[in-house]
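Contents: one structure, followed by commentary.
Atoms within a ligand are numbered from 1 in the order they appear, just like the ligands themselves. Side chains are part of it too, since the values below use all heavy atoms of this structure and drop only hydrogens, waters and symmetry mates. Keep in mind that what you see is a predicted model, and the values were worked out from it rather than measured.
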Amino acid sequence: MTDCLVIGGGLIGMLTARELRLAGATVRLVERGATGQESSWAGGGILSPLYPWRYPDPVTALARWSQQAYPGFSSELASQTGVDPEWTKNGLLVLDAGEKAIAQAWAGDVGARLDLVETRAILQHEPGLNMPPEEALWMPDVAQIRNPRLLSALKVNLPAMGVAVEEYAEITGLVVRHGRVEGVETSRGRITAGSVVVAAGAWSGRLLAGLGYSLDVAPVRGQMILFRARPGMVSRIVLNQGRYLVPRRDGRVLAGSTLEYVGFDKTTTEEALAELSRAAIAMVPALADYEIERHWAGLRPGSPCGVPYIGEHPRVQGLFVNAGHFRNGVVIGLASARLLADILLRRKPVLDPAPYALVDRESIGCGAGVAP
Ligand SMILES: Cc1cc2nc3c(=O)[nH]c(=O)nc-3n(C[C@H](O)[C@H](O)[C@H](O)COP(=O)(O)OP(=O)(O)OC[C@H]3O[C@@H](n4cnc5c(N)ncnc54)[C@H](O)[C@@H]3O)c2cc1C
């Protein structure tokens with residue numbers, strides 16, 4: 001029997017499996033498709049929430065913990081696997097500075113670097129900008145990671161560490177007896193396990209249906225496009241009115257993203273393509289000269305105020321959840337995997353687990369998928 005079975009091979013499931021294995025547990029990860037193909041692949045890899053001052057403290061706490069850990073984690077993974085996730089600190093330039101007072105107060109409180117910069121400095125950071133504003137917010141410590149490469153590295157790393165990874169096996173039900181989880185039913189038969197972790201992203205709520213607790217996680221579609229630009233065209237992560245550019249080391253530039261409440265529909269639309277490319281070219285006009293190489297959509301696991309559920313099921317012993325990371329699963333994933341492992345293994349937790357517990361969240365005043 002496996003000690004821990006993790007359901008879902010997105011970033012959250014893979015990081016959770018890794019943490020549990022590092023602690024010495026026997027771990028099995030089961031994914032219904034290929035690992036790392038859903039929301040975790042579709043994301044931008046920005047290692048900060050957009051407009052981070054808009055989020056509640058529990059999201060900030062996870063983000064700050066992860067941001068400290070990412071450089072070491074990324075270089076360790078690169079040396080262990082030969083796949084470099086390209087952790088890159090190129091800073092975040094926020095062109096709509098209307099919330100500057102709140103942003104500066106937040107930065108002071110949490111100890112983040114955030115400067116108010118004027119047109120000349122803005123252009124020094126990003127020379128290709130069209131009509132730079134008089135003021136912008138500059139966060140020099142914000143980094144990014146190339147999420148598809150991070151997932152490829154984990155795909156090599158997990159089996160090498162001894163995690164049993166099973167792809168193309170769908171979990172069809174949880175086996176619960178006398179208030180305790182005993183394993184799962186899969187499309188290939190039953191697997192018994194001491195503990196089960198649901199890390200199935202936007203699909204997590206479905207798996208838990210009928211167990212006396214309704215997980216408030218709902219899909220929120222995000223579409224993204226990719227310009228095949230050349231290195232140096234865009235240097236910083238640039239954010240304006242909810243639209244952003246993320247320059248990769250090879251010159252490609254991601255432009256994202258939409259926020260759509262359309263259920264489990266992952267199709268892309270012509271309207272989004274037109275709007276994302278319009279917004280990108282309005283920021284950096286030279287992008288109009290480059291081909292849009294790709295256009296895709298992913299389903300974010302939306303949760304109330306973007307606060308993920310990390311903890312044990314209130315009615316089923318041995319059943320744990322790590323889901324609902326909404327727009328920030330890449331940045332907060334490292335901390336949430338560590339915290340889930342701490343809770344499951346009854347270790348001293350790296351952060352206070354109370355805000356992430358599986359309890360009714362109506363009191364915090366926002367529903368699943370409501371973007372901060
Ligand atoms: C367009 C877009 C941009 C984003 N940008 C960023 C960003 O810049 N920074 C950031 O931090 N975050 C970003 N995100 C959010 C981030 O990608 C998500 O929060 C994160 O990937 C969630 O990871 P996950 O592992 O929970 O979900 P997923 O990656 O969706 O993984 C869940 C997995 O569970 C599997 N699964 C589901 N049901 C079953 C079952 N019954 N049996 C077996 N397996 C099952 C699925 O197949 C899937 O592989 C973005 C997301 C999108 C869509």
What donor-acceptor contacts under 3.5 angstrom involve side-chain atoms of residues 109-116, with partners at least two apart or in another chain?
from	atom 1	to	atom 2	distance (Å)
Arg113	NH1	Asp141	OD1	3.2

Around [atom], find the nearest protein heavy atom and jot down its residue, atom name and distance.
| atom | value |
| --- | --- |
| atom 42 (N) of ligand 1 | Ile171 N, 3.0 Å |
| atom 27 (O) of ligand 1 | Gly201 CA, 3.5 Å |
| atom 50 (C) of ligand 1 | Gly43 CA, 3.5 Å |
| atom 31 (O) of ligand 1 | Gly10 CA, 3.3 Å |

Closest non-hydrogen atom pair between [X] and [Y], with its separation:
| X | Y | result |
| --- | --- | --- |
| Tyr55 | Cys305 | CD2-O, 4.1 Å |
| Pro140 | Trp138 | CD-O, 3.4 Å |
| Ala136 | Leu93 | CB-CD1, 4.2 Å |
| Leu20 | Leu344 | CD2-CD2, 4.1 Å |

Gly44, Gly13, Gly222: member with heavy atom nearest to atom 1 (C) of ligand 1: Gly222

Proximal candidate to atom 44 (N) of ligand 1 [heavy atom criterion; set Arg32, Glu38, Gln144, Arg327]: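 Comparing heavy atoms across Arg32, Glu38, Gln144, Arg327, the nearest one to atom 44 (N) of ligand 1 lies in Arg32.
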
Quick one: which ligand 1 atoms are inside 4.0 Å of a heavy atom on [X]?
| X | result |
| --- | --- |
| His325 | 19 (O) |
| Gly298 | 53 (C) |
| Ser40 | 17 (O), 20 (C), 21 (O), 23 (O), 24 (P), 25 (O), 28 (P), 29 (O) |
| Ala42 | 1 (C), 2 (C) |

Do [X] and ligand 1 have an N or O pair less than 3.5 Å apart?
| X | result |
| --- | --- |
| Ser39 | yes |
| Leu11 | yes |
| Gly36 | no |
| Glu31 | yes |
| Gly45 | yes |
| Ile12 | yes |
| Ile7 | no |

Heavy-atom neighbours of Arg190 CZ exceed 12 at 6.0 Å: no

[X] and [Y] ion-paired at < 4.0 Å:
| X | Y | answer |
| --- | --- | --- |
| Glu166 | Arg28 | yes |
| Asp250 | Arg248 | no |
| Lys155 | Glu31 | no |
| Arg252 | Glu86 | no |

Below 4.0 Å, non-hydrogen atoms only: which portion of [X] touches ligand 1? Side chain, backbone, both or neither.
| X | answer |
| --- | --- |
| Tyr244 | side chain |
| Pro301 | side chain |
| Ile46 | both |
| Phe326 | backbone |
| Arg221 | neither |

Close side-chain approach of Arg32 and Glu38, heavy atoms under 4.5 Å: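 Yes, at least one pair of side-chain atoms sits under 4.5 Å.
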
Sub-4.0 Å heavy-atom contact, Met224 with ligand 1: yes

Polar contact flag, side-chain donor to acceptor under 3.5 angstrom, Tyr168-Arg188: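 No pair is found: no donor N or O on one side chain lies under 3.5 Å from an acceptor on the other.
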
Pair Asn322-Ser336, side-chain donor/acceptor within less than 3.5 Å: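 Yes, side-chain donor-acceptor contact under 3.5 Å.
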
Salt bridge (charged side-chain N to carboxylate O under 4.0 Å, His left out) pairs, two or more places apart, involving residues 218-227: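 Passing the test, one end in residues 218-227: Arg221-Glu260, Arg221-Asp265.
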
